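Just so we're clear, the structure is a prediction, and the values are computed from it rather than from any experiment. So you know, we letter chains A, B, ... as the sequences are listed, proteins then strands, and number each from 1.
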Amino acid sequence: MIYQGKQNIWSDYQKEIPHDHWFYVRSCIRQSFFPASEYFFVKIVRDLLGKDLYESKHHTTCGGIAYHCDTIPQETAMTIVARQFALMTEAGYKNLVASCITSFGNYTETLETWREFPELEARIRENLWKACRREFEKPEYVAHASDIVYMLRNEIAEKAKVRLIDKTTGEPLRIVEHIGCHYSKMFPHKGVGGAEYPCVLSGMVESWGGQVIDYPERRHCCGFGFRQYLVKANRGYSVSNTHKKFESMEPYHPDAIITNCPGCPYFLDRWQYVISEQTGKTYGRDGFGIPVFTYEELAGLVLGYDPWDLGLQVHQVAVEPFLDKLGVAYDPDAKYLGVNKEELLKPTLPTVLKCF
Amino acid sequence: MPDFGFSLSKSSSVSLDSLDLGLYGELERLEPGVKTCMACGSCSAACTASVWSGMSVRKLILNLQRGKDVEKMLGSCMLCGKCSMVCPRGINTRHLILSLCRIYKKQ
Amino acid sequence: MQNRNILIIGGGIAGMEAAGQLLRLGWEPVIVEKNERLGGHVAKWYKLFPDMMSAADLVQTLTDGIKEATVYLKTRVASMNRLKDGYSVVLSNGVSLQCSAVLIASGFHLFDAAKKEEYGYGVYDHVITNADLEAWFGGAPDNRVPANPGQVAFVHCVGSRDLKAGNAQCSKVCCMTAIKQAIEFKERFPGAQVWCFYMDLRLFGKKYEDFYINAQKDFGVHFVRGRVSEVSEDIDGRVVLKAEDTLAGLPVKLRADLLVLMSGMLCNSDTAALASMVRTEVDSDGFLRSRDNIYRINESRREGVFFAGACTGSKTVPETVAEARAAALDIHNYLNGNA
Amino acid sequence: MKERFASGFDPFVLPFLLGMIFVLGYCAYGIVRILLQLPRKDRRRFLLSLITPHIILKNVWDIFCNCLLHVKLWKRNKMLGFMHSSIAFGWFMLILLGHIEVMAYCPDRIRFFYYPIFFNYFVAENESTIGGAVLFFLMDFFLLMILTGIVLAVVKRVRSRIFGMRRTTRLSLMDNIGLYSLWAIFPLRLLAESFTAHISGGSFLTIPANWVFRQFLGNDLNMLPTWWAYSIALGVFMCVLPFTRYMHIPAEMMLIPMRNAGLRIRHPRKGFARIEVLSCPGCGVCIDACPMSVKKANIKDCTVYLNRQIRRGNEKRIEEISDKCLLCGKCEAVCQVGVEGPLLRMEQRAMRKYGLSQDFSGLDVSLLAPAASGAKVLYFSGCMTRLTPSIGKSVTSVLHKAGVGFRWMDEEGGLCCGRPLQTAGRYEQAAQLIRKNEELILGSGADTLVLSCPICYKIFSQDYKLPGVRVVNYATYFSELIASGRLNPVKSDICYVYHDPCESGRGCGYYDEPRKLLGAIAGIAEAPMSRSESVCCGGSLGSLTLEFAQREAMTRKSLENLYASRADAVATACPLCLATFSRYSERPVRDLSEILDLALKSEKASDRTVRG
């Protein structure tokens with residue numbers, strides 16, 4: 001691998017990201033899968049780094065899941081998107097930042113479609129007006145939350161309590177980055193670093209001291225694929241996809257996986273259990289899996305937040321070995337205590353995949 | 001193992017560098033003409049057996065080259081020789097099939 | 001008295017052959033070449049199909065034919081102005097001259113394979129282009145070519161027939177070049193397995209089909225119909241290709257020790273600037289527009305401006321040479337009032 | 001009459017005696033072995049035939065004509081015929097006369113079976129008696145006959161072209177030993193008998209020779225070495241005989257009765273096949289006949305070499321030779337002893353083991369059934385006709401014009417007739433296809449099956465069991481339609497030469513009907529080699545290994561023969577011949593059906609006006 005070659009490509013895909021004043025839209029599913037991620041995004045960006053981040057309680061789904069499952073037509077999805085834009089306009093913001101990759105893709109796709117077909121935009125404006133008497137201005141910038149963290153990666157690194165370095169060996173931790181498909185595969189210029197070699201996550205990892213692993217199936221989908229998972233008969237494809245990725249990354253012995261999509265960390269994490277049950281194989285050391293983090297979780301760990309406050313106990317794959325390498329202190333007994341130190345009940349542990 | 005109601009599906013992808021081409025290699029030795037196939041499909045179009053079976057010499061050769069099973073196709077050839085007549089590269093497809101039948105090892 | 005100067009822009013094989021012919025017809029050609037040597041792309045090539053002639057020999061033959069011509073190397077045309085019976089030209093080296101006709105033989109440039117990001121040219125350790133391989137055949141060291149390759153893949157149509165790469169046209173010569181190089185490769189590494197990934201095999205010329213049959217029969221080159229969609233690198237540094245074998249209807253994967261990208265031909269980047277100097281047009285395919293594409297390929301739509309070689313479209317070496325000769329005769333006739 | 005030796009023995013007879021005992025023992029063993037190899041039914045049949053009077057007569061007659069007089073060879077080539085019959089018949093007569101002499105002069109010595117051979121050494125008789133004069137004259141006469149034959153044989157070896165043979169067999173080492181010892185026998189006999197002629201009598205050859213010898217070799221002791229040499233030559237010949245092509249002499253005498261008993265090849269190597277192989281005299285007539293021999297590289301793949309390789313047990317070569325052959329059957333047609341070259345090869349192909357065998361027995365053919373209709377005539381065009389659609393079109397057009405209600409059985413595709421599988425030695429699979437096609441045909445309710453492909457015609461007429469269905473070649477059928485007035489062709493001015501397709505010609509003996517049809521609709525010419533001598537077009541499916549490029553020379557050779565007839569165009573009755581010839585022919589090539597359809601053109605026009 002020639003690093004210089006990648007940098008040449010990255011230089012072609014520099015994305016302009018505004019430094020402040022964002023209208024933040026959350027994901028439908030992340031808060032249940034990774035309950036602390038969005039919370040910590042807001043905490044880090046707004047509280048720690050002092051940026052202006054606005055949220056509206058009227059924000060709804062962007063329609064992305066329904067759109068990608070072919071259950072709603074594009075015009076409907078666009079009208080939902082138009083409503084979010086209206087909320088932003090009403091709040092007086094011009095920069096939209098989405099927590100969800102599919103939302104980001106959906107917003108980008110809508111704007112790009114309108115750019116090509118202005119008559120469609122006019123019709124959607126009419127639809128929106130008829131539906132809820134709202135008007136909007138198109139956002140000046142649409143970013144994904146990981147773009148913001150990428151932009152702030154060096155500020156985070158300055159405030160970091162730990163670096164992504166294996167305490168026991170002193171070597172940089174080997175991190176696999178996994179980018180959500182809807183981030184830049186549709187519009188390479190809308191993603192930091194383009195579609196082939198995106199650097200939004202690898203930039204964070206390198207800035208925080210880790211080493212990025214590039215493996216053959218890096219581009220491959222996590223396996224969610226909407227209908228591949230949501231239709232139960234197709235779930236075999238979903239898990240096979242994930243399996244393919246793990247088989248491909250296995251020889252590199254990664255210490256962790258970092259993701260920027262709602263579905264990806266969920267499937268990369270949970271399917272490791274299913275694969276271990278079905279094939280008897282685990283991909284981490286000593287029977288453990290490879291822990292999967294959202295970029296907010298990893299940022300949180302780097303900034304020294306308590307792992308259990310970051311919600312790492314809801315991961316399927318045990319994060320403790322990674323925390324040990326990182327040198328982050330944690331209380332094993334507090335793992336299954338919730339925010340108010342309530343007992344969360346310890347789950348039944350899997351037979352093959354080693355967990356605590 | 002818990003019953004998930006779904007399982008890992010086998011990859012349909014073929015690894016070109018790690019194929020077991022023993023059968024094809026032997027065929028190449030017996031009927032070197034097979035190497036010059038350019039997959040034009042004349043043989044398949046002319047095939048008498050294709051009317052009632054999936055027989056296609058083009059596919060058969062390709063499947064062999066990709067390490068896939070050809071038993072079903074091979075089993076429907078009537079050796080009528082039309083494919084040999086129409087092959088623009090003059091491949092003796094009839095001998096190819098006959099040779100393949102001889103060296104074929106049932107899985 | 002008539003000005004006997006004829007400006008030839010480009011010192012590749014087209015420019016050289018045209019200059020040689022014009023000399024013989026009694027004109028005084030002036031070759032302007034932007035590089036430090038003559039011969040263009042052919043000078044960097046090793047062997048030419050279909051006779052496997054040495055490219056250096058051809059360039060030498062052409063060079064011998066233009067000893068009397070004026071040649072400016074490392075020079076570009078700075079400006080050109082139409083006069084009553086010719087052009088007044090200023091070159092980047094400060095020389096200004098008057099000429100009665102202009103022959104544009106500015107040729108092509110190879111598609112920059114790095115633009116097909118998914119193939120990883122410049123990113124992966126063992127990805128090279130047809131030009132790199134040709135240079136390596138010619139003896140230039142290249143550590144991207146492994147010492148003992150087991151599997152080698154050639155990908156056809158890199159930057160050709162690809163709207164997204166900005167070139168919808170077929171580059172015409174790459175199929176044959178790939179087969180030629182595959183054979184040369186097999187001759188050097190008989191143990192290697194060579195795979196050609198193609199969309200269509202366009203082997204239109206004399207003896208080309210023989211090359212194809214020989215590649216299959218005598219060299220055991222494998223041909224897979226399907227465009228490589230994705231290339232990655234495995235832990236051993238080998239390239240992993242993904243494609244569909246469209247004839248078998250199967251996704252295929254190949255772990256190769258070397259990947260050769262058959263970069264296509266695009267019109268030279270500075271041709272548009274040249275065209276605007278003489279106010280002639282660029283065609284929809286990015287190449288220069290001839291008066292027509294059947295009978296007057298050598299003529300531009302401007303009086304006294306002629307074309308030869310790949311500036312009007314992808315061409316093979318023999319086509320280029322033939323066109324250069326034709327252009328010389330066209331200029332001769334034009335200047336003698338016989339056009 | 002006096003016997004020169006009371007004992008009636010001299011050591012010089014020993015080489016002959018040993019040779020004789022060896023060869024007789026070997027043949028006896030061989031006969032028993034081959035009889036044991038025969039299937040029980042065949043063995044019984046054969047043994048019964050040996051006591052059936054009319055078969056005995058036929059056997060004797062055939063052996064006399066073929067083995068001694070070489071009648072078939074005479075018909076083919078007078079010089080060769082004379083050469084072979086002079087040696088074989090002459091030798092036979094020498095032996096016969098020898099026995100007569102012994103019987104006449106010393107009947108008690110008949111039990112020494114070397115006596116008839118060396119009579120002149122042991123018995124001092126002279127030509128003064130009338131009996132002696134006649135016998136000795138006859139002896140010298142037949143010896144002279146043999147010697148002429150030998151001289152011709154030597155000439156043939158050196159210059160086979162004089163005999164009209166372009167190519168002849170290359171002999172093996174053993175064959176050469178046999179050949180030279182055979183050649184030596186008779187001059188040596190002349191020498192030996194000449195040396196003893198003044199004692200034991202002689203005739204017009206031996207007495208003058210004796211006179212010449214006695215001019216410089218007065219001593220009687222000189223006679224013994226020549227008798228030794230004669231005996232040794234005989235002994236050597238007989239000892240090597242089982243290992244040379246001369247084995248055909250005893251083998252053919254076995255083959256004729258076996259064939260007359262109705263036996264046929266049932267095993268690729270044993271029994272009848274073995275006898276056929278051994279009966280091959282290695283004469284090489286099949287080499288020139290073989291269409292493949294236009295290419296020098298193919299000469300070693302002719303039947304004579306197949307027989308040789310089978311005798312040697314060289315499996316690799318047997319396979320190569322068996323697979324290459326076009327199965328045109330010409331070698332069989334010209335063979336003097338009737339070795340079934342094509343069948344032998346098919347048997348070799350059939351004995352192979354296959355990793356995968358097609359199984360058509362379970363095939364559901366209901367989809368391929370001809371449409372239900374009252375038409376009683378079925379037309380089966382066969383696979384190959386798909387590639388020469390003009391035939392199918394013309395046949396159906398002719399049938400329409402004749403007003404025949406018919407169904408085109410495989411118009412939308414059908415099953416193969418099974419003949420290609422058969423030629424590949426896949427008998428079982430062919431039989432399965434035959435059963436399936438029978439099922440289709442019998443289920444259709446038709447009573448006539450018209451065939452336009454000779455490949456199909458051969459198997460349909462010989463291997464299909466279709467009770468109540470008449471299997472008819474289209475040439476016959478069309479001739480009948482013309483005869484009954486349902487077709488009124490206008491005879492064309494074009495002169496055609498008819499090329500006999502191998503499968504219908506030599507394969508079925510179907511020569512006259514196509515000529516009858518062609519004669520009725522156009523001019524007709526004969527090629528120098530036609531009917532059973534017809535030259536394969538080279539496109540035959542019979543060959544498994546011949547590459548496309550290797551066949552061109554054969555096609556051109558076959559066309560050359562047809563062009564020699566000076567006809568304007570070539571007519572044939574086979575889709576494969578049509579396609580193959582069309583590729584290289586400079587003159588038009590048409591199928592019989594096309595020619596007929598052209599001859600009916602005017603009729604069609606008049607039909608239209610009537611209908612219109």
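To the nearest 0.5 Å, the span separating NZ on Lys253(C) from OG on Ser13(B) amounts to 5.5 Å. The distance from atom CG of Leu250(C) to atom OG of Ser12(B), rounded to the nearest 0.5 Å, is 7.0 Å.
If you measure heavy-atom distances from Leu16(B) to chain C, the contacts under 4.5 Å come from both the backbone and the side chain. Contact annotation for Val224(C): both backbone and side-chain heavy atoms come within less than 4.5 Å of a heavy atom of chain B. Interface residue Leu247(C): backbone and side-chain heavy atoms are both found under 4.5 Å from chain B. With a 4.5 Å cut-off on non-hydrogen atoms, Asn214(C) does not touch chain B at all.
Ranked by heavy-atom pairs shorter than 4.5 Å toward chain C, the options Lys59(B), Gln65(B), Lys68(B) are led by Lys68(B). Comparing Arg255(C), Lys242(C), Glu244(C), His222(C) by how many heavy-atom pairs each has under 4.5 Å with chain B, the most go to Arg255(C). Ranked by non-hydrogen atom pairs under 4.5 Å with chain B, the options Leu201(C), Leu254(C), Leu241(C) are led by Leu254(C).
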Apply side-chain contact (heavy atoms from CB on, under 4.5 Å) to residues Asp245(C) and Leu62(B) and explain how you reach the verdict.
CA-CA 9 Å; Asp245(C) 181 341; Leu62(B) 215 51; 4.3 Å; yes
Where do Arg66(B) and Val252(C) land on the side-chain contact (heavy atoms from CB on, under 4.5 Å) test, with the steps shown first?
CA-CA 9 Å; Arg66(B) 304 289 175 258; Val252(C) 292; 4.3 Å; yes
May I have the step-by-step check of side-chain contact (heavy atoms from CB on, under 4.5 Å) for Tyr212(C) and Met38(B), ending in yes or no?
CA-CA 10 Å; Tyr212(C) 176 29; Met38(B) 52 177 177; 3.3 Å; yes
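No donor-acceptor distance shorter than 3.5 angstrom exists from the side chain of Gln193(C) to the backbone of Asp17(B), with no hydrogens or angles considered. In this structure, the side chain of Arg225(C) does not engage the main chain of Ala39(B) through any donor-acceptor pair within 3.5 Å.
At a threshold of 4.0 Å, the pair Glu209(C)-Arg89(B) counts as salt-bridged, since one of the basic side-chain nitrogens sits closer than that to a carboxylate oxygen.
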